[in-house]
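Numbered from 1 within each chain, the chains take letters A, B, ... in sequence-line order.
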Amino acid sequence: MMNKIIPVFFFAVLLSASCNKGKDTKQDVRFVSPANFPAPKYNFNSNPVTTAGFELGRKLFYETQLSRDNSTSCGSCHISFSAFTHHGHSVSHGIDNKLGTRNAPPVMNMAWSDEFMWDGGINQLDMLPIAPIENPVEMDLEFAIAVQKIKNNAAYPPLFKSAFGSSEITGPKLLQALSQFMNMLISANSKYDKWKRGENGITLSTDELEGLQLFQQKCSSCHSTDLFTDNKFHNNGIKNSFSTDSGRAHITQLPQDVGKFKTPSVRNLKYTPPYMHDGSFSTLAQVLEHYNSGIKNSATLDTLLNQNGVLGIPLSVQEQQKIIAFLNTLNDEGFIKDQRFAEQ
Amino acid sequence: MKKFNLLLSTIALCALFTIASCNKEKLKGKGPITLHFDNRAGSADFAFLTNYTNAAGEELQFTTFKYYVSNFVLVKADGSEYVLPQETTYHLLNEANSSSLEFTLTDIPAGEYTKLKFIVGVDSLRSTMDVASRTGDLDPAGAGADMYWSWNSGYIFYKIEGTSPASTEMGNMFMYHVGGYGGYSTPSTNNIRTIQLTAPSTITAGEGHAPEVHIYADVLEAFKTPTAYSIASGAMVHMPASASVIADNYADMFKIDHVHNE
């Protein structure tokens with residue numbers, strides 16, 4: 001008799017535990033900087049993360065009313081299970097199925113950056129959402145009108161009241177709420193992170209460790225720190241000519257910045273193909289072979305990719321495989337499956 | 001008769017002296033200074049959809065005329081300066097909204113001011129601050145709605161739009177959008193221009209005083225010097241580098257026409 005009851009009892013506990021996981025959304029939300037990350041750049045003094053602010057920001061992130069025809073939200077092209085990118089799209093399509101010009105970057109670890117987009121044109125996380133909302137191929141709505149639409153939506157005043165103490169809806173508050181949500185999109189619980197912080201006795205395999213060593217030798221000049229980006233701009237030899245998209249030079253209008261794009265993090269690559277600013281590679285093998293043999297020369301090519309007249313970074317097939325083994329330790333499944341970040 | 005004149009002059013002089021010294025003594029505390037921006041087109045008052053001719057000899061009409069002024073500083077004859085608290089100084093002047101063209105600088109320490117300094121645009125510090133500090137005319141969802149570049153974070157300092165037969169663009173349109181605060185991490189074009197105006201008569205501020213300063217802004221001057229800007233040579237300017245020539249031109253479009261001391 002007991003033998004039968006015990007398994008049933010355990011099963012029930014297991015069930016209720018897994019149910020609870022789905023309901024964790026009501027836990028208090030607060031920003032905590034992971035131990036292996038540098039100091040965040042966002043000014044939390046003027047906009048601290050609160051549970052109510054985060055929840056309002058999440059609702060706004062998935063709010064299609066922020067687009068001209070109520071079809072497209074931030075979450076349309078920054079999908080949680082693709083680590084907040086547009087999986088499978090070399091460039092994103094937004095409103096009216098119009099195509100953009102660049103690969104949608106992940107919305108991840110935003111608090112550690114102060115220059116956003118591939119060209120770094122945006123200097124403040126708070127100001128970032130205005131760009132996709134107003135972009136004619138993304139959400140195509142004047143920001144002032146977007147704010148007006150939210151004002152006219154009866155669901156929002158109480159949410160603004162709990163988040164900011166007043167039901168008055170303003171552009172700055174709407175942006176602060178979105179920042180609170182985006183600031184919580186922290187990916188720092190991959191196998192690598194746990195190994196790095198010495199958690200749960202996690203170990204890396206020989207291949208993964210050798211891959212890490214190779215990565216540190218050959219890749220970490222740009223993919224630096226545990227954010228795996230220097231947050232700077234480089235021409236990594238994707239093209240010979242950048243006449244259709246000059247990258248960083250579009251912002252600075254300086255000839256030395258032509259063809260430079262912001263270093264993306266190499267976290268969560270499993271969920272974020274295709275790769276590069278134009279989405280031109282669909283596999284990591286293609287990416288690594290590009291650095292080995294595919295670098296295209298131009299006046300602004302990064303000097304690290306042109307040493308003594310030799311283009312690229314020599315990488316044997318074996319080395320490439322080991323680096324890929326290491327990169328796979330940076331996939332953070334907990335991040336993409338975190339129910340707090342999904343549309344409610 | 002001569003004696004009488006002398007007496008009268010002496011009395012008059014004494015009286016003047018007394019009034020002058022009285023005024024000096026009275027100048028105390030703090031008071032407002034109201035600035036009234038009067039947009040002009042050459043010698044005429046500015047009007048939309050009216051034919052003008054620029055220095056390059058091209059006919060043109062305007063449909064939009066807006067610009068930011070900020071960072072006001074008042075200067076006394078001895079060169080000493082009063083710098084207004086920065087967060088109070090941002091004003092978007094919009095010809096289409098007459099109430100935006102007049103505003104009051106408050107709590108100005110008593111004094112006789114001879115010069116006024118300000119910038120056309122928004123300084124680099126404010127251009128990179130978090131959104132909590134973008135209130136009033138800087139609110140990108142409010143007054144500053146179409147004066148903000150979302151793709152290249154920063155305010156449009158000066159915006160004029162209209163039509164001209166000299167424009168080869170669709171509908172003979174011209175659009176001059178000037179911005180560029182100097183770049184965030186990479187030094188790039190800085191189109192912030194500091195304006196220094198000398199008042200034709202002193203501006204008397206202090207308790208019990210409410211001077212009004214009338215500033216002329218001549219849009220045609222912004223086409224004239226140092227470069228006689230031709231619409232035919234470029235009717236669309238939306239990027240900072242190519243806008244510098246226009247910023248240089250509008251830097252001398254302002255003057256204080258007159259001061260009312262009350």
Worksheet entry | Top contributor to chain A contacts, counting heavy-atom pairs under 4.5 Å, from B:S133, B:G154, B:P140, B:G144 | B:P140
Item to complete: Go through the atoms of A:L254 and report whether side chain, backbone, both or neither lie under 4.5 Å from a heavy atom of chain B.
Response: side chain
Fill in: Residue-level interface, residues 133-146 of chain A with chain B, non-hydrogen cut-off under 4.5 Å
A:E134, A:F143, A:A144
Worksheet item: What part of B:N152 is in contact with chain A, defined as an atom under 4.5 angstrom from a non-hydrogen atom: side chain, backbone, both or neither?
Response: both
Fill in: Max heavy-atom pair count under 4.5 Å with chain A, selected residue of B:G183, B:P240, B:G180
B:P240
Item to complete: Please look at B:P187 and chain A and tell me whether the side chain, the backbone, both or neither of the residue comes under 4.5 angstrom of a heavy atom of that chain.
Response: backbone
Worksheet item: Given that the side chain runs from C-beta out, which part of A:N47 has a heavy atom under 4.5 Å from chain B: side chain, backbone, both or neither?
Response: neither
Practice prompt. Spell out the residues in residues 160-182 of chain A that have some non-hydrogen atom less than 4.5 Å away from a non-hydrogen atom of chain B, in order of number; otherwise answer 'none'.
Written response: A:G171, A:P172, A:L175, A:Q176
Worksheet item: Can you name the closest pair of heavy atoms from A:N123 and B:Y181 and give their distance?
Response: ND2-OH, 2.7 Å
Worksheet item: If you measure from CD1 on A:I251 to CH2 on B:W149, what distance do you get to the nearest 0.5 Å?
Response: 10.0 Å
Worksheet, complete the sentence: Those residues of residues 123-130 of chain B that come under 4.5 Å of chain A on a heavy-atom basis, listed by number, are B:S127, B:T128, B:M129, B:D130
Discussion item. I need the B:S150 OG to A:I122 CD1 distance, nearest 0.5 Å.
Written reply: 6.5 Å
Response to the item:
Those residues at least two apart in sequence (or on a different chain) that pass ring-ring contact (aromatic ring centres under 6.0 Å, His included) with B:F72 are B:F103, B:F118
Worksheet, complete the sentence: Rounded to the nearest 0.5 angstrom, the NZ-OG distance for A:K232 and B:S185 is 8.5 Å
Discussion item. Within the supplied structure, the quantity of interest is the number of heavy atoms (other residues, nucleotides, ligands) at a distance under 6.0 Å from B:K255 NZ; does it exceed 12?
Written reply: no
Worksheet item: Any side-chain heavy-atom pair from A:H250 and B:W151 closer than 4.5 angstrom?
Response: yes
Item to complete: Side-chain contact test, heavy atoms from C-beta onward, threshold under 4.5 Å: evaluate it for A:Q124 versus B:S153 and give yes or no.
Response: no
Worksheet item: To the nearest 0.5 Å, how far apart are OG1 in B:T186 and CD in A:E115?
Response: 6.0 Å
